[in-house]
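Report on one structure; see the data block that follows.
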Amino acid sequence: MERNSEAQRFVFLTGGTGFVGRQVVRCLLGRGHRVRALVRDPDSAGALRDQGVELAVGDITAEAGLAEAAAGCDAVVHLVGIIRERPPSVTFEAVHTRGTLRVVEAARRAGVKKIVHMSALGARPDGTAYQRTKYEAEELVRRSGLRFVILRPSIIVGEGGEFVDTLRNLVCRLPVTPVIGDGSYRLQPVDVRDVAIAFAQALERTDLEGRRYEIGGPHKLTYNRIVEIFGEEFGTRRRKIHVPLSFVRPLVDLASNWRLPAPINSEQLAMLLEENIVHGESNALRESFGFEPGSLRSVLQRISGESDVE
Ligand SMILES: NC(=O)c1ccc[n+]([C@@H]2O[C@H](COP(=O)([O-])OP(=O)(O)OC[C@H]3O[C@@H](n4cnc5c(N)ncnc54)[C@H](OP(=O)(O)O)[C@@H]3O)[C@@H](O)[C@H]2O)c1
């Protein structure tokens with residue numbers, strides 16, 4: 001294993017104000033790297049500035065200034081992604097595919113040598129628009145001529161993440177917990193802090209380059225089990241109500257077609273039901289990155305511990 005972690009890197013990072021980005025920034029700074037973050041609105045990036053992050057104002061859906069923003073950096077960490085097309089003019093294609101192309105071209109023009117790219121489990125050419133455009137972005141990165149590492153996480157859990165916030169509200173605020181369908185579909189929740197460590201290692205280590213890694217937590221859990229773990233950790237063991245797919249799907253499709261606000265859209269429903277787990281039995285975090293990932297339960301204990309002391 002070739003470790004080259006002593007050297008301080010100067011990283012151009014996109015998506016630094018997001019749920020994952022905030023954690024990646026903290027991790028990179030903690031390991032002694034310098035970070036320049038691309039932000040759309042510097043006024044909402046005060047927390048990054050306060051940590052010593054340089055800010056560069058820009059948007060990956062626009063060409064202007066990206067190469068200048070990346071100038072002088074050793075590597076790009078590209079995290080920007082969207083989970084829904086809102087407003088409709090902000091499309092997966094514009095953000096994932098064309099946005100990644102712009103970032104890659106800017107990196108090349110700026111003389112940056114390496115990119116660590118955020119993809120997602122399930123990225124493939126024949127998936128949903130999210131999965132297809134995530135796959136197209138991976139291919140752009142792979143063919144960029146830059147040294148690259150691509151990470152494909154399962155659902156990411158941690159403080160401030162949408163998945164944890166939504167499920168916590170469902171199990172804590174409702175008298176019963178609704179579960180779409182039979183709840184037997186599996187996810188492999190991975191701690192946002194472990195994702196951040198994986199990004200840092202991918203940046204630092206040359207032996208990880210040239211590959212995509214599927215990363216997940218230690219357990220493949222059914223949605224039913226996840227709901228139970230949330231109930232156990234937040235002290236609210238409510239009864240589950242299974243809402244048949246034959247009832248949910250038409251409603252979700254209707255809301256999606258009419259672009260009505262809904263907790264889940266048709267594509268998200270399809271991705272939930274197809275499962276979101278790492279192929280095979282091996283776990284890249286353990287075998288390639290060399291550490292034991294934390295469990296969903298440990299993340300929830302950390303979060304409930306933090307909210308107890310507030
Ligand atoms: N969360 C998960 O469970 C999960 C699982 C697998 C993969 N991923 C991937 O991980 C990445 C980060 O996800 P996240 O959960 O951290 O999302 P998030 O909290 O929504 O953060 C998205 C980030 O991207 C930035 N951004 C969005 N559009 C942009 C644009 N056009 N130009 C520049 N910046 C833009 C946002 O900046 P603003 O502050 O300006 O909005 C924000 O910093 C995404 O690529 C996602 O697909 C996430």
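Order of listing sets the numbers, starting from 1, for every ligand and every atom in it.
Residue contacts with ligand 1 include Ser119, since one or more of its heavy atoms lies under 4.0 Å from the ligand. Proximity of Val80 to ligand 1 is established by a heavy-atom distance of less than 4.0 Å. Heavy-atom distances between Thr14 and ligand 1 stay at or above 4.0 Å for every pair. For the pair Ala94 and ligand 1, no heavy-atom separation below 4.0 Å is found. Using 4.0 Å as the threshold, Val95 has no heavy atom nearer than that to any atom of ligand 1.
Heavy-atom contacts of Pro153 reach the following atoms of ligand 1: 6 (C) (cutoff under 4.0 Å). Residue Thr17 approaches ligand 1 through these ligand atoms, each under 4.0 Å from one of its heavy atoms: 36 (C), 37 (O), 38 (P), 39 (O), 42 (C), 43 (O). Near Met118, meaning under 4.0 Å from one of its heavy atoms, ligand 1 places the atoms 9 (C), 10 (O), 11 (C), 45 (O). The distance from ligand 1 to the heavy atoms of Thr61 drops below 4.0 Å at these ligand atoms: 31 (N).
With a 4.0 Å heavy-atom cut-off, ligand 1 is reached by the backbone of Leu79 but not by any atom from C-beta on. Contacts with ligand 1 closer than 4.0 Å are made by no heavy atom of Ser44, backbone or side chain. Of the heavy atoms in Lys134, only side-chain atoms (C-beta onward) come closer than 4.0 Å to ligand 1.
In summary, of the residues considered (Val76, Val104, Ile115), a side chain to side chain contact (heavy atoms under 4.5 Å, CB included) with Phe148 occurs for Ile115 alone. With Glu204 as the fixed residue, the side-chain hydrogen bond (donor to acceptor under 3.5 Å, both in side chains) test singles out one of Arg9, Arg31, Gln8: Arg31.
Within the structure, ring-ring contact (aromatic ring centres under 6.0 Å, His included) pairs that include any residue of residues 79-109 comprise Phe92-His96, Phe92-Tyr130, His96-Tyr130 (at least two apart or interchain). Counting only residues at least two apart or on different chains, the side-chain hydrogen bond (donor to acceptor under 3.5 Å, both in side chains) pairs with a member in residues 99-112 are His78-Thr100.
Leu208 and Leu285 fall within the same hydrophobic cluster, where Ile, Leu, Val, Met, Phe, Trp and Tyr residues are linked whenever their side-chain heavy atoms come under 4.5 Å apart, directly or through other members. Cluster membership for Leu121 and Tyr223, using ILVMFWY side-chain heavy atoms within less than 4.5 angstrom, is not shared.
Among protein heavy atoms, atom 16 (O) of ligand 1 sits closest to Val20 N, 2.9 Å. Protein heavy atom closest to atom 48 (C) of ligand 1, with residue, atom name and distance, is Ile156 CD1, 3.8 Å. Atom 23 (C) of ligand 1 has its closest protein heavy atom at Gly15 CA, 3.8 Å. What sits closest to atom 20 (O) of ligand 1 on the protein, heavy atoms only, is Gly81 O, 4.5 Å. Of all protein heavy atoms, the one closest to atom 31 (N) of ligand 1 is Asp59 OD1, 2.8 Å. When only non-hydrogen protein atoms are considered, atom 21 (O) of ligand 1 lies nearest to Gly18 CA, 3.3 Å. Atom 41 (O) of ligand 1 has its closest protein heavy atom at Arg40 NH2, 2.8 Å. The nearest heavy-atom contact from the protein to atom 5 (C) of ligand 1 is Ser154 O, 3.4 Å.
More than 12 heavy atoms of other residues, nucleotides or ligands sit less than 6.0 Å from atom CZ of Phe10. In Glu162, the CD atom is not crowded: 12 or fewer heavy atoms of neighbouring residues, nucleotides or ligands sit closer than 6.0 Å.
A cation-pi contact, defined as under 6.0 Å to the ring centre and within 45° of the axis, is absent between Arg168 and Phe230. For Arg124 and Tyr135, the positive end is not near the middle of the six-membered ring at less than 6.0 Å and at most 45° from its axis.
Polar contact check, Gly58 against ligand 1: no nitrogen or oxygen pair lies under 3.5 Å apart. Between Ile60 and ligand 1, an N or O atom pair is found at a separation short of 3.5 Å.
Atom OH in Tyr185 sits 13.5 Å away from atom CG in Leu221 (nearest 0.5 Å). Atom CG of Asp194 sits about 8.0 Å away from atom OG of Ser298, to the nearest 0.5 Å.
Here the closest non-hydrogen pair linking Ser184 and Asn224 is N-ND2, 4.1 Å.
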task: Decide side chain to side chain contact (heavy atoms under 4.5 Å, CB included) for Val243 and Ile180; before the verdict, give the C-alpha distance in whole Å, the side-chain angles of both, and the deciding distance to 0.1 Å.
output: CA-CA 5 Å; Val243 190; Ile180 297 176; 5.8 Å; no

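In this structure, atom 3 (O) of ligand 1 is in close contact with the protein, since a protein heavy atom lies within 4.0 Å of it.
Between the choices Phe163, Phe92, Phe19, Tyr130, the shortest heavy-atom distance to atom 8 (N) of ligand 1 belongs to Tyr130.
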